[in-house]
There are 2 protein chains.
Amino acid sequence: MVSSKYIKPTESELEILRILWERNKASVRDVHEELSKTKEAGYTTTLKLMQIMFEKGLVGRDDSFKTHVYHPVVSREKTQKQLLGKMITNLFGGSSTELVIHALGNHKASPEELEEIQQLLNNLKKQ
Amino acid sequence: MVSSKYIKPTESELEILRILWERNKASVRDVHEELSKTKEAGYTTTLKLMQIMFEKGLVGRDDSFKTHVYHPVVSREKTQKQLLGKMITNLFGGSSTELVIHALGNHKASPEELEEIQQLLNNLKKQ
DNA sequence: AGCAAAATACGATTTTATTCGTAAAACAAT
DNA sequence: ATTGTTTTACGAATAAAATCGTATTTTGCT
């Protein structure tokens with residue numbers, strides 16, 4: 001166990017990871033174009049960020065083509081778990097239930113999704 | 001509408017806010033002692049942080065006593081909502097349901113809490 | 001080969017956050 | 001009033017994050 005594994009992505013890095021998680025692979029340009037939809041930033045800024053993420057080991061890349069192709073290394077699940085934990089502690093006084101209620105309250109969920117949650121809830125109740 | 005109102009608290013500021021939300025009021029020393037339980041930091045560091053938060057308008061203070069007494073200005077709810085939103089977007093691909101499932105899955109909830117969630121779920125289903 | 005376009009490398013600057021030392025002020029107790 | 005303790009004010013150092021300009025490299029095309 002050498003590592004590590006607890007590199008906490010910064011805000012900007014998360015935005016980039018989001019895109020990589022979605023697409024599995026993407027070039028700097030791909031990412032930058034997607035980012036530009038919601039954010040103001042120069043191309044080299046995105047590039048630099050992704051290079052730094054590469055150095056940190058947050059992402060990997062294939063440089064056998066002209067254009068480097070990046071992919072996520074840290075998993076979405078681990079990152080979710082890590083950050084959720086912090087959020088629950090600092091923001092919801094340790095109560096995951098409170099977080100659930102907030103999340104459900106503030107955002108729309110489809111009937112299918114509600115059903116999915118119902119299933120999960122049923123399972124939890126049984127135990 | 002002068003403001004503003006979207007000052008995003010930093011990590012350290014959140015830790016302090018957490019304590020203030022819990023207690024409603026607290027001196028720097030109170031906060032610092034609480035913080036010290038889980039974190040290494042000098043007293044003046046905590047002081048400075050709280051002074052900065054005061055300047056930013058995140059907290060208020062009563063300085064009519066010897067020891068200043070601080071209180072939160074930004075509400076827990078607004079801050080929760082703000083940060084949850086970001087988290088859902090970047091970490092859960094926009095799906096609040098996924099977040100709910102994660103939160104429910106990773107942390108224990110009591111029967112009472114489960115019931116509370118069930119209620120909420122019932123309400124949502126009706127609509 | 002020679003040129004233009006697109007991409008990367010890299011250094012530097014700027015901005016924001018965090019940490020802390022030192023000094024001044026406020027107060028309490030004798 | 002003097003002294004010691006606690007607190008605040010403030011400036012500065014450090015560290016971390018984000019931004020960007022410029023140079024170089026790679027590649028595709030004629």
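Please read these numbers as outputs of a predicted model, since none were measured by experiment. In what follows, every chain begins at residue 1, and chains take the letters A, B, ... in the order their sequences are listed.
Listed candidates were D:dA12, C:dT22, C:dT8. Nearest to the side chain of B:T44 is C:dT22. The side chain of B:Q51 lies closest to D:dC10, out of D:dT7, D:dC10, C:dA9. Comparing C:dA7, D:dC10, C:dC10 by their nearest atom to the side chain of A:Y43 picks out C:dA7. When each of C:dT18, D:dA9, D:dA18 is scored by its nearest atom to the side-chain atoms of B:S12, the top-ranked nucleotide is C:dT18. Distance from the side chain of B:K56 is smallest for C:dA17 among the nucleotides C:dT18, D:dT8, C:dA17.
Side-chain rings of B:H102 and B:F92 approach one another, their centers coming within less than 6.0 Å.
If A:Y70 and A:K48 are placed on DNA chain C by their nearest nucleotide, the residue sitting closer to the 5' end is A:Y70. Residue order along DNA chain D, read from the 5' end via each residue's closest nucleotide, puts B:R29 first among B:R29 and A:A41. Nearer to the 5' terminus of DNA chain D, by closest-nucleotide assignment, is the contact made by B:V28 (compared with the other of A:E11 and B:V28).
Whole-Å rounding puts the A:I52 CD1 to C:dA12 C1' distance at 13 Å. Distance NE2 (B:H68) to C1' (C:dA25): 10 Å, rounded to an integer number of Å. To the nearest angstrom, C1' of C:dT16 lies 15 Å from CE of B:M53. With rounding to whole Å, A:D63 atom CG is found 12 Å from D:dT26 atom C1'. Remark: P of C:dT22 and CG of B:L47 are 16 Å apart, rounded to the nearest angstrom. Counting to the nearest Å, the C1' atom of D:dC10 and the CD atom of B:E55 are 10 Å from each other. The nearest whole Å value for the distance from the CE atom in A:M50 to the C1' atom in C:dT8 is 12 Å. Regarding B:L49, its CG atom lies at a distance of 16 Å from the P atom of C:dT16, rounded to whole Å.
A:E11 and B:N90 make their closest contact through OE2-ND2, 4.3 Å (heavy atoms, listed as atom of the first residue, atom of the second, distance). Scanning all heavy atoms of the two residues, the minimum distance from B:L58 to B:E13 falls at CD1-OE1, 3.5 Å.
A:Q119 and A:N123 form no side-chain donor-acceptor contact under 3.5 Å, judged by distance and modelled atom types alone.
In this structure, B:E13 reaches neither bases nor backbone, as no heavy-atom distance under 4.0 Å exists between it and the strands shown. Within 4.0 Å (heavy atoms only), A:T45 reaches at least one base atom of the nucleic acid.
Note on A:R29 versus A:E34: no salt bridge recorded, every NZ/NE/NH1/NH2 to OD/OE distance being 4.0 Å or above.
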